[in-house]
Amino acid sequence: MLKTAVLVSGGGTNLNALLKAEMEGKIKHTKITLVIADRPCPAIGKANKNGKKTILIDKTLYRGEEFTKRLLTVLEDEEIDIIVLAGFLKILSSPVIKAYKDRIINIHPSLIPSFSGKGFYGIKVHEEALKRGVKITGATVHLVNEIPDGGKILLQKSVLIGENDNPETLQKKVMEEAEWIILPKALEELASKITKEIKL
Ligand code: GRF
């Protein structure tokens, strides 16, 4: 069974969605065996509450190369096959992306290529969408490569922007109606694909 590590930096709502999907049997081709945080955050508590092993690689203690080295060591020791970035704010360095080519997915809170790339993360994405006046936004799951939000798009789900939406209400809507639905789906599809490739 493939092993998945979920990388987190924040609230852990996307992690929750993954764990819920796993509990409901919707993720059949991989097991979430590890949660890695780059800073103390509520997502760690959510992982522990669900019996998942957690490892904190504090980005203030492990700077630059040290972070990469520590992360690669942990991923290897835990025999991780797939990495999910779920609200993870650090940009992964090339050695990690190379070591896990086409096996790292990220959830981005817009319909890439809109409102994506360097500097577009979290609430800022929704502020920009509202400022531009788009009527539809959504979320994207994509493979992670060296270009921020530039990897192959795997899944997208759209969300209508309401007259009275503000960045906070829009963020919540995009999470509930898009992120939390497509991230577990994308993980299962990727794990199923890799499993088939291994069996061939
Ligand atoms: C959310 O805006 C999500 O779109 C982005 O990170 C933020 C926090 O996610 N990827 P979470 O609650 O920590 O999963």
Side-chain angles (χ1 to χ4, degrees), residues 4-23 26-27 32 34-50 52 54-59 82-92 96-97 104-132 134 136-145 147-161 165-188 190:
T4 289
V6 182
L7 275 50
V8 297
S9 303
T13 64
N14 279 288
L15 169 66
N16 255 3
L18 291 164
L19 298 177
K20 183 168 173 288
E22 189 177 54
M23 260 183 286
K26 293 177 183 165
I27 299 179
I32 297 168
L34 180 65
V35 174
I36 299 174
D38 67 343
R39 68 199 75 187
C41 58
I44 296 174
K46 290 188 166 78
N48 290 331
K49 222 164 59 194
N50 287 276
K52 297 294 181 184
T54 59
I55 292 178
L56 171 61
I57 306 179
D58 193 323
K59 68 186 184 68
I82 297 173
I83 298 170
V84 180
L85 307 185
F88 190 67
L89 293 175
K90 223 172 142 42
I91 301 290
L92 289 183
V96 180
I97 294 169
I104 309 174
I105 60 175
N106 178 53
I107 178 81
H108 181 77
S110 77
L111 295 174
I112 290 175
S114 300
F115 313 112
S116 65
K118 203 164 165 40
F120 282 98
Y121 57 87
I123 199 80
K124 176 162 173 56
V125 173
H126 305 295
E127 287 166 353
E128 291 305 310
L130 289 166
K131 207 186 289 177
R132 186 65 186 81
V134 293
I136 296 172
T137 185
T140 303
V141 180
H142 61 93
L143 287 174
V144 172
N145 63 13
I147 303 155
D149 300 329
K152 181 178 179 234
I153 289 174
L154 300 178
L155 286 179
Q156 292 191 306
K157 191 166 189 313
S158 62
V159 168
L160 286 176
I161 297 183
D165 269 321
N166 60 44
E168 288 67 28
T169 60
L170 185 54
Q171 179 172 51
K172 189 166 177 295
K173 197 188 276 189
V174 169
M175 282 176 161
E176 289 171 349
E177 298 178 18
E179 295 178 38
W180 299 345
I181 293 163
I182 61 175
L183 187 57
K185 195 164 181 297
L187 174 57
E188 167 51 23
L190 178 63

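Order of listing sets the numbers, starting from 1, for every ligand and every atom in it. Atoms considered below: every heavy atom in the structure, side chains included; atoms not considered: hydrogens, waters and symmetry mates.
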Is Lys124 salt-bridged to Glu127, cutoff N-O under 4.0 Å?
-> no
Quick one: does NZ or CZ of Lys90 land under 6.0 Å from the six-membered ring centre of Phe88, within 45 degrees of the ring axis?
-> no
Output yes when a side-chain donor or acceptor of His108 lies under 3.5 Å from a complementary backbone atom of Pro113, and no otherwise.
-> no
Every pair of nitrogen or oxygen atoms between ligand 1 and the protein that is under 3.5 angstrom apart - can you list them with their distances to 0.1 Å?
{"residue": "ligand 1", "atom": "2 (O)", "partner": "Gln171", "partner atom": "NE2", "Å": "3.1"}
{"residue": "ligand 1", "atom": "4 (O)", "partner": "Glu179", "partner atom": "OE1", "Å": "2.7"}
{"residue": "ligand 1", "atom": "4 (O)", "partner": "Glu179", "partner atom": "OE2", "Å": "2.9"}
{"residue": "ligand 1", "atom": "10 (N)", "partner": "Ile107", "partner atom": "O", "Å": "3.3"}
{"residue": "ligand 1", "atom": "12 (O)", "partner": "Gly12", "partner atom": "N", "Å": "3.4"}
{"residue": "ligand 1", "atom": "12 (O)", "partner": "Thr13", "partner atom": "N", "Å": "3.0"}
{"residue": "ligand 1", "atom": "12 (O)", "partner": "Thr13", "partner atom": "OG1", "Å": "2.6"}
{"residue": "ligand 1", "atom": "13 (O)", "partner": "Gly11", "partner atom": "N", "Å": "3.1"}
{"residue": "ligand 1", "atom": "13 (O)", "partner": "Gly12", "partner atom": "N", "Å": "2.9"}
{"residue": "ligand 1", "atom": "14 (O)", "partner": "Thr13", "partner atom": "N", "Å": "3.3"}
{"residue": "ligand 1", "atom": "14 (O)", "partner": "Thr13", "partner atom": "OG1", "Å": "3.4"}
{"residue": "ligand 1", "atom": "14 (O)", "partner": "Asn14", "partner atom": "N", "Å": "2.8"}
{"residue": "ligand 1", "atom": "14 (O)", "partner": "Asn14", "partner atom": "ND2", "Å": "3.0"}

Ser116 side chain to Asp149 main-chain N or O, any donor-acceptor pair under 3.5 Å?
-> no
Using a 3.5 Å cut-off and no angle test, enumerate the donor-acceptor pairs between side-chain atoms of residues 14-22 and protein atoms at least two apart in sequence or in another chain.
{"residue": "Asn14", "atom": "ND2", "partner": "Glu179", "partner atom": "OE1", "Å": "3.0"}
{"residue": "Lys20", "atom": "NZ", "partner": "Glu24", "partner atom": "OE2", "Å": "2.9"}
{"residue": "Glu22", "atom": "OE1", "partner": "Lys52", "partner atom": "NZ", "Å": "2.7"}
{"residue": "Glu22", "atom": "OE2", "partner": "Ile32", "partner atom": "N", "Å": "2.8"}

Does some side-chain heavy atom of Ile44 sit less than 4.5 Å from a side-chain heavy atom of Val35?
-> no
